[in-house]
Amino acid sequence: MNKIWENIFRFRKRTDDEIDTILLKIPVFQELNKRELNKIKRILHQREYSRDEKIFHEGDIGLGMYIIVAGDVQIVSGPDQILAELCGGDFFGELSLLDDAPRSAAAVAKTPCVTLSFFKPELLDLLNRDPQLGCKILFKLAWVIGERLKSTNEQLRVISCQKQPGSTSEI
Amino acid sequence: MSIPGNSSNFLTIVLVLIAVAGIVAFLAFIPNIVKLVIISVLLAYILDPLANLLESRGMSRTTATIMIFIFIVFFVSIAYIGLLPLFAAQISGLQEGFNPERAGLVISRFEEFLMPYLSFLGIKELNLLGRTQTAMASAGEWVINHVLDAASIVTSMILIPFIVFFLLKDGREFKKGFVSLVPNRYFEFTLYLFYKLHAQVGNYLRGQFIDAIIVGTMTVFALWVIGVKYFFLIGIFAGLANLIPYFGPIAGAVLALIVSILQTGSLEKVFYVILAFTIIKLLDDAVVQPVVVARSVHMHPLTVLLAVLIGGKLFGILGMLLSVPVVGFIKVVVHEGILNYRRYRTA
């Protein structure tokens with residue numbers, strides 16, 4: 001009988017540990033301690049998607065970010081333009097935590113996958129209940145978006161350089 | 001041709017409607033339990049920001065909920081000790097104060113005063129005394145049946161705090177559990193609806209509750225200054241009645257007018273009572289409501305009026321109280337549903 005319980009708890013512990021490991025890889029949650037991480041885990045929604053199932057559609061009202069626990073996800077714009085391919089430990093849709101704009105691309109499960117989702121209502125509620133933790137997350141979120149902006153600027157710079165042969169940056 | 005898709009959509013809609021009808025029919029069989037749950041949900045909703053505030057001071061949700069209950073017990077005890085003598089005096093005064101002969105005399109005099117002004121309408125007899133006696137008798141019967149039913153009081157006193165405690169403590173888990181049952185396709189949309197409902201209906205309920213307390217306090221004070229008897233009871237009634245749009249404030253004022261006329265046997269305080277209620281209403285509309293009910297459910301006055309009338313007709317006073325938040329709830333669901341219908345249909 002004890003072994004059964006041991007196995008049940010081992011399974012649960014392992015799942016919890018796996019989720020902790022994944023969350024701590026996400027920049028938004030990287031600097032959280034154990035207590036804070038547990039608080040976050042309580043407000044995350046775990047969902048399972050089958051192969052080719054849409055996680056969200058282009059133009060949907062975006063409510064928050066998704067973290068891939070297992071499986072692969074494609075970010076698709078229009079009917080078939082693949083913008084990115086993501087795997088376990090990656091995250092997407094974080095901009096929706098801050099703005100109310102519709103989703104700029106769709107997310108499709110390429111393989112059966114499990115995701116954790118973190119939504120704006122929960123973030124706002126957290127800011128209300130635990131402002132210190134809420135601010136930590138908002139600060140890291142701003143950092144992530146800043147990094148993405150820098151990366152986009154860099155890509156734009158490269159593209160504009162490629163379009164202007166003989167420009168100084170090409171030398 | 002998309003007939004298979006359409007028929008499948010049609011089947012889904014029919015199944016959902018059957019399920020909703022089944023749930024409504026089931027709930028209709030247990031109206032008392034539904035009432036208890038609705039009241040508990042409202043109280044939990046009103047207390048939720050307080051629990052959040054305590055949580056933000058470093059308490060766990062459970063400790064915050066226990067603290068709120070300790071505070072409520074403490075507050076009710078203080079109120080019970082402090083206000084009971086006044087409350088009891090006013091209740092017994094109410095029983096003795098309405099001397100039937102004196103009331104009859106006043107009402108007859110009032111009828112005589114009114115008749116010359118109403119004769120052009122062809123009214124020969126108002127029978128105000130008979131009507132008042134019938135109204136008093138039915139009001140008494142209603143109070144005995146609904147308010148003073150000992151069994152229901154005991155059940156409510158135990159069940160409501162019990163339900164409120166767990167809704168307050170585990171409300172988020174209940175919501176998460178419910179959302180986990182929603183299919184992936186509608187999952188984010190359901191959360192979005194919850195978010196919208198929480199923002200619109202929740203703020204409306206909390207705002208109205210605070211507004212009722214402020215209006216009740218102002219009424220108690222104003223009637224005490226004017227010298228109207230039973231000012232405390234009328235103030236409580238006016239505060240609660242204020243939760244019902246349009247009809248509520250009038251009901252409070254009419255009660256105060258009747259009491260003032262019966263008390264003095266003349267119309268000497270009528271002007272002051274009307275003035276007090278007018279000032280309270282103006283203050284409520286111009287100062288209190290914009291501050292405490294700032295983000296209310298935006299609805300056309302005609303919609304509100306019809307909602308209150310239908311709610312009152314179907315479910316009595318509770319229906320009148322809940323009509324606006326319920327219509328606000330339906331409005332958000334329908335509005336967001338229509339906005340997103342095409343997207344989910346083509347998905």
Side-chain angles (χ1 to χ4, degrees), chain A residues 35-36 38-66 71 73 76 79 92-93 96-97 100 102-103 106-109 112-135, chain B residues 45 48-65 168-200 202-203 206 295 332 335-347:
Chain A
R35 184 191 69 85
E36 291 169 333
N38 282 336
K39 242 181 178 176
I40 292 296
K41 275 193 292 187
R42 278 202 288 272
I43 56 173
L44 296 177
H45 299 267
Q46 188 169 319
R47 308 292 297 188
E48 288 174 16
Y49 296 88
S50 51
R51 188 189 157 92
D52 292 331
E53 188 176 354
K54 282 202 169 174
I55 297 171
F56 55 72
H57 301 85
E58 190 172 344
D60 270 3
I61 302 154
L63 210 57
M65 68 184 272
Y66 288 81
V73 171
V76 185
F92 54 95
S96 297
L97 284 169
D100 291 323
R103 299 277 191 196
V108 186
C113 67
V114 179
T115 65
L116 289 169
S117 36
F118 179 48
F119 290 127
K120 190 166 153 181
E122 270 92 23
L123 175 61
L124 294 175
D125 189 41
L126 189 70
L127 273 165
N128 223 356
R129 292 184 291 121
D130 192 340
Q132 206 178 347
L133 174 57
C135 284
Chain B
Y45 232 102
D48 187 57
L50 200 58
N52 286 346
L53 183 75
L54 293 175
E55 257 193 290
S56 71
R57 298 283 184 271
M59 282 184 198
S60 72
R61 187 76 182 181
T62 310
T63 317
T65 310
L168 205 54
K169 183 172 103 56
D170 301 324
R172 254 178 243 126
E173 275 73 26
F174 290 150
K175 187 182 123 189
K176 201 173 157 183
F178 174 77
V179 171
S180 71
L181 300 173
V182 175
N184 285 337
R185 195 168 150 191
Y186 304 107
F187 156 65
E188 209 172 345
F189 177 60
T190 308
L191 270 173
Y192 177 73
L193 272 186
F194 267 124
Y195 172 48
K196 286 276 172 185
L197 288 172
H198 182 72
Q200 290 204 24
N203 284 330
R206 280 188 281 270
R295 284 177 290 169
V332 173
H335 182 70
E336 298 301 331
I338 289 170
L339 269 184
N340 292 281
Y341 174 71
R342 191 173 293 173
R343 189 172 307 137
Y344 286 93
R345 190 184 57 173
T346 52

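Proteins come first, then strands; the chains are lettered A, B, ... in the order of their sequence lines, and each starts at number 1.
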Rounded distance [0.5 Å steps], [atom1] in [X] versus [atom2] in [Y]:
| X | Y | atom1 | atom2 | result |
| --- | --- | --- | --- | --- |
| B/Lys176 | A/Arg42 | NZ | CZ | 9.0 Å |
| A/Lys39 | B/Arg61 | NZ | CZ | 10.5 Å |
| A/Asn128 | B/Leu53 | CG | CG | 8.5 Å |
| A/Asp125 | B/Asp48 | CG | CG | 7.0 Å |

### Message
B/Lys175 vs A/Glu122, test: salt bridge (Lys or Arg N to Asp or Glu O under 4.0 Å). Steps then yes/no.
### Response
CA-CA 12 Å; B/Lys175 187 182 123 189; A/Glu122 270 92 23; 3.8 Å; yes

### Heavy-atom proximity to chain B below 4.5 Å, by part of A/Leu124
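Just its side chain gets close to chain B.
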
#### Entry: chain B contact via A/Arg103 - side chain, backbone, both or neither, heavy atoms under 4.5 Å
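Only the side chain of A/Arg103 comes within 4.5 Å of chain B.
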
### Message
Heavy-atom pairs under 4.5 Å with chain B: which of A/Leu63, A/Asp130, A/Ile43 has the most?
### Response
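The option with the most such pairs is A/Leu63.
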
### Query
Residues in ring-ring contact (aromatic ring centres under 6.0 Å, His included) with B/Tyr195, at least two apart?
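In terms of ring-ring contact (aromatic ring centres under 6.0 Å, His included), with neighbours along the sequence ignored, B/Tyr195 is linked to no residue.
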
#### Entry: A/Ile61 vs B/Glu188, side-chain contact (heavy atoms from CB on, under 4.5 Å): CA-CA, chis, key distance, verdict
CA-CA 9 Å; A/Ile61 302 154; B/Glu188 209 172 345; over 6 Å; no

### Query
For atom CZ of B/Phe174, is the number of surrounding heavy atoms from other residues, nucleotides or ligands below 6.0 Å larger than 12?
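Check passes, neighbour count above 12.
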
### Query
Sequence neighbours excluded, which residues qualify as side-chain contact (heavy atoms from CB on, under 4.5 Å) partners of A/Tyr49?
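With sequence neighbours excluded, A/Tyr49 shows a side-chain contact (heavy atoms from CB on, under 4.5 Å) to A/Arg47, A/Glu53, A/Ile55, A/Tyr66, A/Ala109, A/Cys113, A/Thr115, B/Asn184, B/Phe187, given in chain and number order.
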
### Query
Do A/His45 and B/Val179 come within less than 4.5 Å of each other through their side chains, counting heavy atoms only?
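Yes, side chains in contact.
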
